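Model, not experiment: these values are computed from the prediction.
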Amino acid sequence: MRFIIGITIILFSWIHSFTAQNLTPKNLNGKWGAMDDQKNWVIKPKFEEIRKFTEGFAPAKKKGKWGFINAAGKWTVKPIYEEASNFSDGMAGVQQNGLWGFINPVGELKIPFAFSKTYAFKNGIANVILPNMLPRQSILIDATGKQIAPPHLFRTEITPNVFFIVSQKENKDSVFCYVDAQGNNISDWYLNRFEWGKPNQKVAVPASLENDQVPAKTLESNSSKLLYAFLDENAKVISPWFDEIRAFKNGIAPAQKNHRFGFINEQYETLVDFQYLEIRVFDEKRYVAQTLNEGFLLLNLDGSVIGKEFHGFDLFNKERIVAYSMEDFLGKKTYKKALFTDEGEQKSGWYINIYPKSNWYHRVIDERLRRDERGNAYMEKIYNYIVDSTGEVLSDWRPCHEMIWQNNGDRKYNDSIFHFLHQPKSNYYIEETFFENVFYQELKMDGNTIHFEGGDYHDGMAMISEIKNTEIIENNLGEITFSNPQVKYGFIDWYGDVVIPCKYDYISGFSDGKAIFRQNGKYGAIDYKGKVILQPKYDLLGNFGSGIAPYYVDSAWGYISSKGKQVLKPIFEEAHPHRYGMAAVKQNSRWGLIDTQGNMIIGFKYRKPPLVISRNKVRVLVDGIGYEVIDL
């Protein structure tokens, strides 16, 4: 008899599932019923609430309690629950005394009240949350209530019988493992994710507190020390455990074991013993390793040593590496640099500084022992030039020098190299960007000190200086006070020979075969033989470029030729030298770009002077955006 009743109920549910799915719950004056597709009331509004129909039934509320009704509005499960969810796979979640369980369509309790939250069944599996679980964690149960997956944050199906499970430890660390469809672990728990079905995936676990090289159970240990290994496509450990494993290059990788680095191959065999304190990438074809002596070695990708051990390495340019070595002299420790080839061949001596190559030469800075009038030893800073290909010293060593200055008046003078170095008595103010293209390019600012350590090569000439008198001279000119030794400037050529004697107070580097000098407060120009081609009669004169130079007269800037003929009238507030036939000029407090004929290339709309990068590219500062490159 019980069997017949069960068949009847199931048949009844099946018949109503066709009609109930077309019913839509509706509210009328605070009461709920349900309408069909033609807007007819099939269930009169008499319930406190009705939710959507699924599998022929809908949760309904009466007198504050929830039960289930069929398509005729009849109770199939009496309203005795605090909450209820829809039916799915023949099961619905219901709440009683604050906990959730599952019932079948006739109201039989199939899974006891044990959960703080439940989700719908799908394919015989439901996600549920147990009381006191970590935030966002849940478990999976089957239709009997059996747990079939560990607590997890989410679960992803990899293959029909393999699932990826992500969970949390008590300390909130994220962990993962793989389980089968029945919830049995296929892999251990790990701290790093790996991809199922792919070989050689790196994973991490905590190290045992007793021994750094012994892995602990991920869910049981909170050790901050981690160990790394590789898994095969079946999630089995196929390598030793390491402190760290870096990226493989050409089948070889740096790895760390017992706090020392070495190299392993893709079979996880040791190729280079674990003997270094650190290994880091130097460039695409080399590593740099720190030895137990605190020095550094360059290594090939296979771990073989390049050259000798030094105190450090850096890339200098495309052709050279720079190495560092520390010297201790008179109690002072100084790092010096030398240039090496990719193969470790030394190509220069050791210097305090080596500047980038300019016309095949490097400017270098070093120091030498000197004694003062009382016989006290001190180190004097000196500069020279070396040939890039051989490292051969090109010219005589010359002492560096410095000028120390102080602004006593208007703050704006403090920001202008022009007012300090070139026209201290002048009342007009010029931005220092102009002088970055003339005198200032060979100098280095350090607070209120200006250093001269030799000039780079321009047009085959490099600026040099001679200290004519070591006595420090102090000058008070207008708003500025400065002190410096008596220094004169000249030039050497590519052979290191002095071709223009050191006789100028201030002079620019060569540009367009000409250099700008100052004499008696006025500016002129010389050619590469030292011949004066423009007499020093100009208030200001910029470097030549494209055959013309900016000059200042009557409170404005124009351009003149090398013969002193006016090419462009002085109508600009400021003007820069031409480069690639273009120059930045300023009008109405805005910068633009003109050609050698004065034709406008870019209008006056920028707060900073455009920088000409090449014949068809200009870098500009756009308000509110920043720097961008414009194609001409």
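In this structure, the side chain of His311 does not engage the main chain of Gly295 through any donor-acceptor pair within 3.5 Å. Side chain of Ser208 to main chain of Ala216: no donor-acceptor pair is present (N/O by atom type, distance under 3.5 Å, no hydrogens or angles). In this structure, the side chain of Gln267 does not engage the main chain of Glu269 through any donor-acceptor pair within 3.5 Å. With Ser85 contributing its side chain and Gly93 its backbone, the two residues share a donor-acceptor pair below 3.5 Å. Judged purely by atom type and a 3.5 angstrom limit, Asn104 uses its side chain to pair as donor or acceptor with the backbone of Gly107. No donor-acceptor distance shorter than 3.5 angstrom exists from the side chain of Ser187 to the backbone of Cys177, with no hydrogens or angles considered. With hydrogens and angles ignored, the 3.5 Å screen pairs no side-chain donor or acceptor of Thr270 with any backbone N or O of Val272. Side-chain atoms of Thr159 come within 3.5 Å of backbone N or O of Val162 as a donor-acceptor pair. Judged by distance alone, the side chain of Glu628 and the main-chain N or O of Val620 form no donor-acceptor pair under 3.5 Å.
The CD atom of Glu49 sits 3.5 Å away from atom CH2 of Trp66, with the distance rounded to the nearest 0.5 Å. Taken from CG in Asn200 to OG in Ser239, the straight-line distance is 8.5 Å, to the nearest 0.5 Å. Taking NZ of Lys336 as the start and OG of Ser348 as the end, the distance is 11.5 Å to the nearest 0.5 Å. Leu297 contributes atom CG, which lies 5.0 Å from atom CD of Glu309 (distance to the nearest 0.5 angstrom).
Checked against the 6.0 Å centroid criterion, the rings of Phe316 and His362 qualify as a close aromatic pair. Between Phe57 and Trp75, a ring centre-to-centre spacing not shorter than 6.0 Å is recorded. Residues Tyr178 and Trp196 bring their aromatic ring centres within 6.0 Å. Taking the six-membered ring wherever Trp is involved, the centroid distance between the rings of Phe340 and Phe313 does not fall below 6.0 Å.
Ion pairing of Lys62 with Glu48 is absent here, as no side-chain N (NZ or NE/NH1/NH2) approaches a carboxylate O to less than 4.0 Å. Taking a cutoff of 4.0 Å between a charged side-chain nitrogen and a carboxylate oxygen, Lys249 and Asp302 do not qualify as a salt bridge. Residues Glu195 and Lys198 are paired through a salt bridge, judged by an N-O separation under 4.0 Å between the basic side chain and the carboxylate. A salt bridge does not link Glu278 with Arg280: none of the charged nitrogens is closer than 4.0 Å to a carboxylate oxygen. The pair Lys285-Asp342 counts as a salt bridge, with a side-chain nitrogen and a carboxylate oxygen less than 4.0 angstrom apart. Here Glu83 pairs with Arg51 in a salt bridge; the nearest charged N to carboxylate O distance falls below 4.0 Å.
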ask   = Run the side-chain contact (heavy atoms from CB on, under 4.5 Å) check on Leu28 and Lys31 step by step: do they pass?
value = CA-CA 5 Å; Leu28 179 65; Lys31 294 295 183 179; 5.7 Å; no

task = Output, in order, the C-alpha distance, side-chain angles, deciding distance and verdict of side-chain contact (heavy atoms from CB on, under 4.5 Å) for Leu339 and Ile354.
result = CA-CA 9 Å; Leu339 298 180; Ile354 304 174; 3.9 Å; yes

side-chain contact (heavy atoms from CB on, under 4.5 Å) between Trp41 and Lys26, worked out = CA-CA 9 Å; Trp41 287 104; Lys26 294 289 184 178; 3.7 Å; yes

request  = I would like to know whether Asn22 and Asp36 meet side-chain contact (heavy atoms from CB on, under 4.5 Å); could you show each step before the answer?
outcome  = CA-CA 6 Å; Asn22 299 322; Asp36 61 17; 5.8 Å; no

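Qualifying side-chain contact (heavy atoms from CB on, under 4.5 Å) partners for Leu219, counting only residues two or more places apart in sequence or in other chains: Lys169, Val175, Trp189. For Leu99, the side-chain contact (heavy atoms from CB on, under 4.5 Å) test picks out Phe113, Pro131, with sequence neighbours left out. Every residue meeting the side-chain contact (heavy atoms from CB on, under 4.5 Å) condition with Leu632, not counting sequence neighbours, appears here in chain and number order: Met582, Ile601, Ile602, Val618, Ile630.
Residue pairs meeting the ring pair (Phe, Tyr, Trp, His ring centres under 6.0 Å) criterion with at least one partner in residues 255-275, sequence neighbours excluded, are Phe230-Tyr268, Phe263-Tyr287. Applying the side-chain hydrogen bond (donor to acceptor under 3.5 Å, both in side chains) test to pairs two or more places apart or on separate chains, none has a residue in residues 87-100. Counting only residues at least two apart or in different chains, salt bridge (charged side-chain N to carboxylate O under 4.0 Å, His left out) contacts with residues 226-245 comprise Lys225-Asp243, Glu244-Arg246.
Partner Pro206 forms a side chain to side chain contact (heavy atoms under 4.5 Å, CB included) with one of Leu191, Asp173, Asn222 and no other, that one being Leu191.
For the pair Lys257 and Phe242, the cation sits on the ring face: its NZ or CZ lies under 6.0 Å from the ring centre, inside 45° of the axis. A cation-pi geometry, defined here as NZ or CZ lying under 6.0 Å from the six-membered ring centre and within 45° of its normal, holds between Lys202 and Tyr228.
Using modelled atom types, one finds a donor on one side chain and an acceptor on the other under 3.5 Å when comparing Tyr324 with Asp314. For Asn317 and Lys357, the side-chain atoms include no donor-acceptor pair closer than 3.5 Å. Side-chain contact check for Asn161 and Asp180: no donor-acceptor pair (N or O, by modelled atom type) lies under 3.5 Å. For the 3.5 Å distance criterion, the side chains of Gln168 and Ser174 fail to qualify, holding no donor opposite an acceptor. Looking at Ser138 and Asn127, their side chains do bring a donor and an acceptor atom within 3.5 Å of each other.
The local environment of CD in Glu170 is sparse, with at most 12 non-hydrogen atoms from other residues, nucleotides or ligands closer than 6.0 Å.
Counting heavy atoms from C-beta on, the side chains of Ile69 and Lys74 never come closer than 4.5 Å. Side-chain contact between Phe282 and Leu298: present, with at least one pair of heavy atoms (C-beta onward) separated by less than 4.5 Å. When side chains are defined from C-beta on, Phe163 does not count as touching Leu140, because their heavy atoms never get closer than 4.5 Å.
Residue Tyr606 comes nearest to Leu621 through the heavy atom pair CD2-O, 3.3 Å, listed as atom of the first residue, atom of the second, then distance.
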